[in-house]
Chemist: 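This structure is in structure tokens; I'll ask about it shortly.
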Amino acid sequence: MTDYRGPRGTYDVYPGGREPHERPELWILVEEAARDLFARYNYSEIRTPIFEEARLFARTAGEGSDIVVQKEMFSFRDKGEREMALRPEGTPGAVRAYIEHNLYKLAQPIKLFYIGPMFRQERQQKGRYRQHTQIGAEALGTNDPLVDVEVISLLYAIHQAVGVKDEVVYLNNLGDMETRQAYVPELRAYLQRHSGELDPDSVARMQTNPLRTFDSKHEGTQAVLAEAPRITSYLSEDASEHLATVREGLEALGIPYEIDDGLVRGLDYYTMTVFEAKSSSLGAQDTVGAGGRYNGLISDLGGPDLGGIGFGTGVERMLLAAASRETGHSLDVFFVTLAPEARIPAVKLAGALREEGIASDLDYGGRGMRAQFKQADRTGASYAVILGEDELARGVVTVRDMSSGAESVVPVAEGAKDLILAVSG
Ligand code: ATP
Ligand code: MG
């Protein structure tokens with residue numbers, strides 16, 4: 001037994017991992033599905049550092065966010081006494097890079113995606129880790145509501161490709177910053193009048209970020225909120241039209257969505273469109289992915305006054321919400337060597353198959369025949385290719401179809417050509 005354990009709130013991905021997000025083959029499935037969709041929607045990859053100046057994250061998330069209030073940031077001082085932090089989310093780094101590299105001067109929108117780890121120092125629960133992985137997209141440099149439709153449909157498409165069950169996208173419009181500035185004091189005043197009926201968390205949030213009280217699961221708080229003023233009635237004509245166009249687009253694409261005028265998001269930068277994709281197959285942590293529009297953020301970070309919208313979706317939760325699936329192992333050929341002299345020829349043939357894209361493996365233990373066949377079985381190989389003294393003498397291999405048990409003899413004296421044909425079927 002080792003004395004060492006992975007840090008609290010983290011997990012490993014390893015062969016035979018128990019939870020879906022611990023299984024390497026499922027990660028490949030998710031990442032490939034996402035990359036394929038990003039290409040089809042014309043998004044380019046962006047890779048930014050996993051740490052940045054802490055003030056970038058604090059500034060973007062805002063005073064009232066969980067990241068600041070709940071101290072979720074993994075921050076540290078570097079040797080130059082600079083306050084740095086592991087990124088809690090993908091948007092700030094992407095927007096910082098967009099400004100730093102003058103991407104706003106190119107034809108807009110700039111459509112970006114990322115896949116990578118995010119860090120939040122929070123209490124570990126099911127579906128909540130201190131290091132998790134997000135797949136995210138950002139469409140920068142436009143306010144067009146049809147881009148909102150594209151971003152939401154891309155999020156939905158990724159979830160569907162991975163197999164997320166019972167998904168509904170909840171949609172709201174928070175208006176512009178002025179709308180929120182007009183609405184928030186009204187909401188706060190209303191909550192203050194009912195503070196005796198609220199849970200303690202919501203009382204605290206009433207001061208810092210009253211919008212977040214909508215996230216409370218407390219019955220009394222929800223009863224108070226049911227009668228609270230709604231942002232919907234504060235929306236400008238512009239915001240109402242924006243929402244109507246987004247709805248029209250989602251309907252045209254057949255994306256299951258519902259309006260939720262109590263939907264607020266944890267980050268202060270959101271304006272106009274906000275959305276959350278939920279799966280009823282998850283328990284308490286039922287949001288698989290979420291995002292929204294941030295029309296003030298680019299200028300707030302020193303760039304031009306352009307809008308943007310993005311989403312982030314958690315791979316761990318995506319896999320939890322997906323129908324459990326048996327992913328067959330993708331090994332094509334396992335070489336069974338029955339004599340020491342067969343090992344080098346097997347290495348050579350395996351090399352030739354691998355060059356042709358045929359996944360191959362062989363015995364490295366010098367094990368007996370039965371153990372090797374067992375291993376061939378365990379690896380899920382489609383074919384066992386047998387090389388014994390007899391085969392060596394005749395310049396052939398015996399190819400066994402592992403599912404039917406049928407065997408055939410294939411010449412290899414002149415190279416692997418016939419073997420490649422035999423196992424490509
Ligand atoms: P929550 O309300 O659950 O704390 P959030 O608002 O903090 O969520 P976002 O910042 O919108 O979440 O992150 C986008 C997605 O990233 C979430 O929907 C979720 O799938 C995933 N995610 C966020 N935090 C964690 C975490 N600690 N562990 C695992 N996944 C996470
Ligand atoms: Mg959170």
Side-chain angles (χ1 to χ4, degrees), residues 12-17 20-40 44-45 47 115-116 133 135 161-163 315 319 325-425:
D12 297 311
V13 180
Y14 57 97
H21 63 270
E22 292 173 338
R23 291 165 57 186
E25 67 277 13
L26 293 179
W27 279 87
I28 292 178
L29 192 131
V30 171
E31 289 177 1
E32 282 181 352
R35 283 180 186 279
D36 175 50
L37 284 161
F38 285 130
R40 285 196 244 168
S44 308
E45 184 166 12
R47 297 191 190 200
I115 301 178
T133 297
I135 295 179
V162 172
V315 174
L319 287 173
R325 57 173 86 211
E326 272 316 305
T327 45
H329 204 286
S330 58
L331 188 68
D332 300 311
V333 172
F334 190 88
F335 284 89
V336 173
T337 50
L338 304 179
E341 313 84 79
R343 285 169 45 93
I344 292 289
V347 165
K348 215 173 144 187
L349 287 170
L353 296 191
R354 288 167 175 163
E355 267 181 42
E356 288 300 312
I358 299 167
S360 308
D361 205 352
L362 54 145
D363 170 58
Y364 286 117
R367 279 171 286 202
M369 181 172 76
R370 284 191 43 172
Q372 290 193 48
F373 274 113
K374 218 170 173 182
Q375 181 66 4
D377 223 25
R378 224 181 276 134
T379 58
S382 311
Y383 297 94
V385 172
I386 304 144
L387 267 143
E389 272 170 22
D390 179 47
E391 280 89 356
L392 279 178
R394 294 165 55 202
V396 299
V397 293
T398 302
V399 176
R400 180 187 293 184
D401 183 322
M402 293 296 282
S403 50
S404 69
E407 292 191 351
S408 60
V409 173
V410 175
V412 291
E414 317 265 277
K417 196 163 60 33
D418 292 329
L419 179 58
I420 289 164
L421 275 178
V423 299
S424 300

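In this chain, numbering begins with 1 at the start of the sequence shown.
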Chemist: How long is the gap from CG on Leu392 to OG1 on Thr337, to the nearest 0.5 Å?
Modeler: 9.5 Å

Chemist: So how far is it from Thr398 OG1 to Ile386 CD1, rounded to the nearest 0.5 Å?
Modeler: 5.5 Å

Chemist: For residues Leu338 and Gly388, report the shortest heavy-atom separation together with the two atoms involved.
Modeler: CB-CA, 3.8 Å

Chemist: Taking all non-hydrogen atoms of both residues, which atom of Ser360 and which atom of Leu353 are closest, and how far apart?
Modeler: OG-CB, 3.4 Å

Chemist: Could you check whether any side-chain N or O of Asp332 sits under 3.5 Å from a backbone N or O of Ala359, counting only pairs where one atom can act as donor and the other as acceptor?
Modeler: yes

Chemist: Please say whether more than 12 non-hydrogen atoms of neighbouring residues, nucleotides or ligands are located less than 6.0 Å from CD in Glu389.
Modeler: no

Chemist: When you measure from the side chain of Glu355 to the backbone N and O of Ala352, does any donor-acceptor pair fall under 3.5 Å?
Modeler: no

Chemist: Could you tell me which non-hydrogen atom of Leu319 sits nearest to which non-hydrogen atom of His21, and how far apart they are?
Modeler: CD1-CA, 3.7 Å

Chemist: Evaluate side chain to side chain contact (heavy atoms under 4.5 Å, CB included) for Arg400 paired with Val336, printing each intermediate quantity in order.
Modeler: CA-CA 10 Å; Arg400 180 187 293 184; Val336 173; over 6 Å; no

Chemist: Tyr383 versus Asp401: any side-chain heavy-atom pair under 4.5 Å?
Modeler: yes

Chemist: State the CG-CZ distance between Asp361 and Arg354, to the nearest 0.5 angstrom.
Modeler: 6.0 Å

Chemist: Counting heavy atoms not belonging to Arg47, are there more than 12 under 6.0 Å from its CZ?
Modeler: no

Chemist: Tell me the closest heavy-atom pair linking Tyr14 and Pro24, and the distance in Å.
Modeler: O-CD, 3.1 Å

Chemist: If you round to the nearest 0.5 Å, how far is CD1 of Ile135 from CD1 of Ile115?
Modeler: 4.5 Å

Chemist: Side chains of Leu387 and Val412: does their closest heavy-atom pair fall under 4.5 Å?
Modeler: no

Chemist: For a quick test of reading the model, state the closest non-hydrogen atom pair linking Leu37 to Ala161 and the distance between them.
Modeler: CD1-CB, 4.0 Å

Chemist: With rounding to the nearest 0.5 angstrom, report the OG1 to CG distance, Thr379 to Leu331.
Modeler: 4.5 Å

Chemist: Compare all side-chain heavy atoms of Met402 with those of Asp377 and state whether any distance is below 4.5 angstrom.
Modeler: yes

Chemist: Working to the nearest 0.5 Å, report the span between CG of Leu362 and CZ of Phe334.
Modeler: 6.5 Å

